[in-house]
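Each chain gets a letter, A, B and so on, in the order its sequence line appears, and its residues count up from 1.
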Protein chains: 2
Amino acid sequence: MLNSYSSADKVLLAVDCIIFGFDHQGLKILLIKRDFEPERGKWSLIGGFLKRDEILDNAAIRILNTYTGLHDIYMEQLHAYSEIDRDPVDRTISVSYYALINIENHNEELIKNYHAEWFSIADAPNLIFDHNEMVQHAIRRLRYRTSIKPIGFELLPEKFTMRQLLELYEAILSKELDKRNFISKINSLEILNKLDEKDMQSSRKGSYLYTFNKEKYEEKLLNDFVLNL
Amino acid sequence: MLNSYSSADKVLLAVDCIIFGFDHQGLKILLIKRDFEPERGKWSLIGGFLKRDEILDNAAIRILNTYTGLHDIYMEQLHAYSEIDRDPVDRTISVSYYALINIENHNEELIKNYHAEWFSIADAPNLIFDHNEMVQHAIRRLRYRTSIKPIGFELLPEKFTMRQLLELYEAILSKELDKRNFISKINSLEILNKLDEKDMQSSRKGSYLYTFNKEKYEEKLLNDFVLNL
DNA sequence: ACAAAAGTGTTGATTCTACACCCATGG
DNA sequence: CCATGGGTGTAGAATCAACACTTTTGT
C-alpha cells in the first residue's frame with residue numbers, strides 16, 4: 001500500500017554541510033577528520049543528524065554553529081542523497097546544505113577542537129561515503145548561482161577590494177576574467193558602496209575598499225537581474 | 001551528541017511529485033483527490049512513502065508510475081520539506097520531485113482509477129499540507145530552468161509545431177514572446193528537426209511539424225549554452 | 001473572395017569582448 | 001627613480017528587441 005504510515009520504513013536523516021571559504025589562495029572547503037566510527041580518522045564534511053523536533057534548515061544551522069561557532073551564515077539546501085548503503089551503519093538519507101563564509105571570521109578555536117581544516121578545492125582529500133559527490137554537486141551549484149546572481153559576497157570580508165572580488169569570481173568560475181570588463185559590469189549593477197578608505201596591503205598605491213549594499217541588491221533582485229561573466 | 005545513530009530520531013520520508021502537463025489551455029498540474037486519511041477528500045499532490053530498500057529517485061518513479069502508468073519520464077529532485085507538523089499523523093519529511101509529461105500520453109484509465117485530474121496552474125484548488133508551497137517552488141524552478149536551458153520538450157507530443165513550442169514557453173514563463181524572435185532563436189540553437197509533414201489541424205495553410213533532436217541537444221549542453229527568452 | 005494562421009528580415013539599440021597605457025606610492 | 005599593482009575608455013562584433021506584410025488554402 002502506497003499510503004501507509006509504516007514505521008518499518010523509517011530512516012535516519014542526516015545533514016551534511018559543504019562550507020565554502022575564500023582567501024588569497026582561492027576557493028576552499030572546510031573538512032573534519034572524523035573522531036568517531038565509522039571511518040574514524042578519515043576526512044569528511046561537517047554533518048550530523050536531524051533531531052525529531054527540528055527542521056532541516058535549523059539542523060544545518062546548528063551543525064555549522066557547533067563546528068565553527070558561526071551564526072547568521074548564508075546557507076542553502078542542495079540535495080537529498082539516498083543510496084541504500086551510503087552509510088554502512090544504518091539506512092541514512094542525507095540532505096546537503098552549502099554555506100559561504102569568509103575564512104577570517106571563523107572561530108579558529110572551535111575549528112581546532114574538532115580537527116577541522118580548510119582545503120583548496122583542487123587538492124582536497126578523498127572523503128567518506130558520498131561526500132565527494134556532494135562537494136562536486138555544491139561546486140556546480142555555486143558556479144551556476146554565481147553566474148546568474150551575484151551571491152558570494154558572503155565569502156569576502158565586509159570591506160574588500162575590486163581585486164578580491166574579481167579573484168573570488170575567478171576562483172568560483174575557474175576561469176580568467178577581464179579586469180576592466182568585470183569592474184564595469186559590477187559597477188553597472190550599482191550594488192557596491194565605494195568607501196573613501198583604501199587597502200594599503202596589496203600595493204603602494206593602495207586600492208579602494210568597497211562594501212556590499214544589501215538593500216540595493218534586494219531591490220534589484222525583484223527585477224531578477226542577471227550577471228553574465 | 002551530534003553523531004549518534006539514534007533510532008529515536010528516525011523519521012518517515014515521503015516523496016511528492018509535481019507533475020506538469022501542457023495542452024492548448026496552458027500549463028497544468030496533476031492532482032489527486034485523496035481517498036485515505038488524513039485529509040480524505042481533499043486535493044493533494046501525488047505522493048507516497050520511501051521504502052527502506054529504495055532510493056528516492058526510484059520512489060519518485062514508482063509513485064508516478066503507480067498513478068499514471070507512465071515510465072521513462074523526465075523527473076528532477078527539487079527540495080526537502082521538513083516542518084515539524086507538516087503531516088499531522090507522524091513526523092514526515094517530504095522530498096519533492098517534478099515531472100514533465102505530455103498530457104496526451106498519459107493513461108486515462110489509471111488517472112480515473114485514482115481520482116486524478118489536471119488543473120490549470122492558475123485555478124488549481126487549495127492543497128493539503130505544504131503542497132501549495134511545493135507547487136509554487138516547482139513553478140519557480142521550471143521557469144528558472146527553462147530560461148537557461150531548453151527543457152520542456154517533454155511537455156509536448158513527439159511532433160509539434162512552432163506555435164505549440166512558443167505557447168509552451170509563454171505558459172511556463174507567463175509572458176508573451178515575439179513570434180519571429182522566438183523562432184529564429186530556437187532555430188539558431190539547431191536542436192530541432194523540421195519534418196516534411198504538416199499539421200493541418202491548426203490552420204488551412206498547415207504548419208510544419210518538428211521533433212526534438214536529443215543528440216544535438218546533448219552535444220550543445222557540453223558547451224553549456226544559454227537560451228535567453 | 002476571404003478568413004485565419006503560417007512564415008519570413010531588417011534596423012537601431014544594447015551589450016559584449018578584446019585590448020594597453022598612465023597613475024600613485026613606498027621603498 | 002623605479003617597481004608594483006590600481007585604475008580607466010574605446011571600437012568593432014554580436015546579440016537583442018521591436019516591428020508588418022505576404023502566403024496558403026479550406027470554406
Side-chain angles (χ1 to χ4, degrees), chain A residues 23-26 146-150 156-157 159-171 173 175-211 220 223-229, chain B residues 23-26 146-150 156-157 159-171 173 175-211 220 223-229:
Chain A
D23 66 11
H24 55 282
Q25 293 168 53
T146 307
S147 66
I148 288 170
K149 298 184 179 123
L156 293 174
K159 298 175 183 180
F160 52 86
T161 65
M162 275 292 180
R163 166 164 297 260
Q164 284 176 290
L165 187 59
L166 172 66
E167 284 175 353
L168 169 62
Y169 273 80
E170 290 185 328
L173 302 172
K175 69 174 177 190
E176 291 207 347
L177 299 173
D178 181 272
K179 180 173 54 155
R180 278 176 290 186
N181 293 341
F182 178 82
I183 291 175
S184 55
K185 195 165 288 182
I186 293 291
N187 280 333
S188 73
L189 297 175
E190 299 181 314
I191 53 171
L192 296 187
N193 299 116
K194 186 173 189 170
L195 306 180
D196 281 332
E197 209 174 331
K198 282 192 166 191
D199 167 60
M200 301 307 291
Q201 307 308 113
S202 61
S203 74
R204 317 201 193 263
K205 186 179 176 181
S207 59
Y208 282 106
L209 288 165
Y210 293 80
T211 56
K220 298 246 165 188
N223 314 327
D224 50 25
F225 66 118
V226 167
L227 179 68
N228 226 330
L229 308 167
Chain B
D23 67 12
H24 53 283
Q25 292 168 55
T146 307
S147 66
I148 288 170
K149 298 185 178 124
L156 293 174
K159 298 174 182 179
F160 52 86
T161 65
M162 275 292 180
R163 167 164 296 259
Q164 284 176 290
L165 187 60
L166 173 66
E167 285 175 351
L168 170 62
Y169 273 80
E170 289 185 329
L173 302 172
K175 70 173 177 190
E176 291 208 346
L177 299 172
D178 181 90
K179 180 172 54 154
R180 280 175 290 187
N181 292 341
F182 178 82
I183 291 174
S184 56
K185 196 167 286 183
I186 294 291
N187 280 334
S188 73
L189 297 176
E190 300 181 314
I191 53 171
L192 296 187
N193 300 116
K194 185 175 193 171
L195 307 180
D196 281 332
E197 211 175 328
K198 281 192 165 189
D199 169 60
M200 301 308 293
Q201 308 307 115
S202 60
S203 74
R204 317 202 195 265
K205 186 179 178 181
S207 60
Y208 282 106
L209 288 165
Y210 293 80
T211 56
K220 298 246 167 188
N223 315 325
D224 50 26
F225 66 118
V226 168
L227 179 68
N228 227 331
L229 307 168

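- Annotation for A/Thr146 and A/Tyr169: closest pair CG2-CE2, 3.0 Å, computed over non-hydrogen atoms.
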Using a 4.0 Å heavy-atom cut-off, write out nucleotides 21-27 of chain D from 5' to 3' as B (base contacted by protein), S (sugar-phosphate only) or - (no contact).
--BBBBS
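- If you measure from atom CG of B/Leu209 to atom P of C/dA6, you get 11 Å, rounded to the nearest angstrom.
- Whole-Å rounding puts the A/Asn187 CG to C/dC16 C1' distance at 16 Å.
- Closest of all the heavy-atom pairs between A/Gly206 and A/Met200 is CA-SD, 3.5 Å.
- Atom CD of B/Gln201 and atom OG1 of B/Thr161 lie 11.0 Å apart (nearest 0.5 Å).
- Contact between A/Asp199 and A/Ser202 at its shortest, heavy atoms only, is OD2-OG, 3.4 Å.
- What separates CG of B/Leu166 from P of C/dA5 is a distance of 14 Å, to the nearest Å.
- One finds the CG atom of A/Leu192 at 11.5 Å from the CG atom of A/Leu209 (value rounded to the nearest 0.5 Å).
- Put simply, CZ on A/Phe182 is 17 Å from C1' on C/dT15, counting in whole angstrom units.
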Going 5' to 3' through nucleotides 9-14 of chain D, assign each nucleotide B (protein heavy atom under 4.0 Å from a base atom), S (under 4.0 Å only from sugar-phosphate atoms) or - (no protein heavy atom that close).
B-----
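- Annotation: cation-pi pair B/Lys194/B/Tyr210 absent, no NZ/CZ under 6.0 Å from the ring centroid and within 45° of its normal.
- As a whole-Å value, the separation of B/Tyr208 OH from C/dA5 C1' is 15 Å.
- Considering CE of B/Met162 and CZ of B/Phe182, their distance stands at 7.0 Å, rounded to 0.5 Å.
- Residues A/Lys159 and A/Thr211 come closest through the heavy atom pair CG-CG2, 4.0 Å.
- Between the P atom of C/dA6 and the CZ atom of B/Phe160 lies a distance of 15 Å, rounded to the nearest Å.
- Per the geometry, CG belonging to A/Leu195 stands 12 Å off P belonging to D/dG7, to the nearest Å.
- If you take CD1 on A/Ile186 and CD1 on A/Ile191, they are separated by 6.0 Å, rounding to the nearest 0.5 Å.
- What separates NZ of B/Lys185 from P of C/dT8 is a distance of 18 Å, to the nearest Å.
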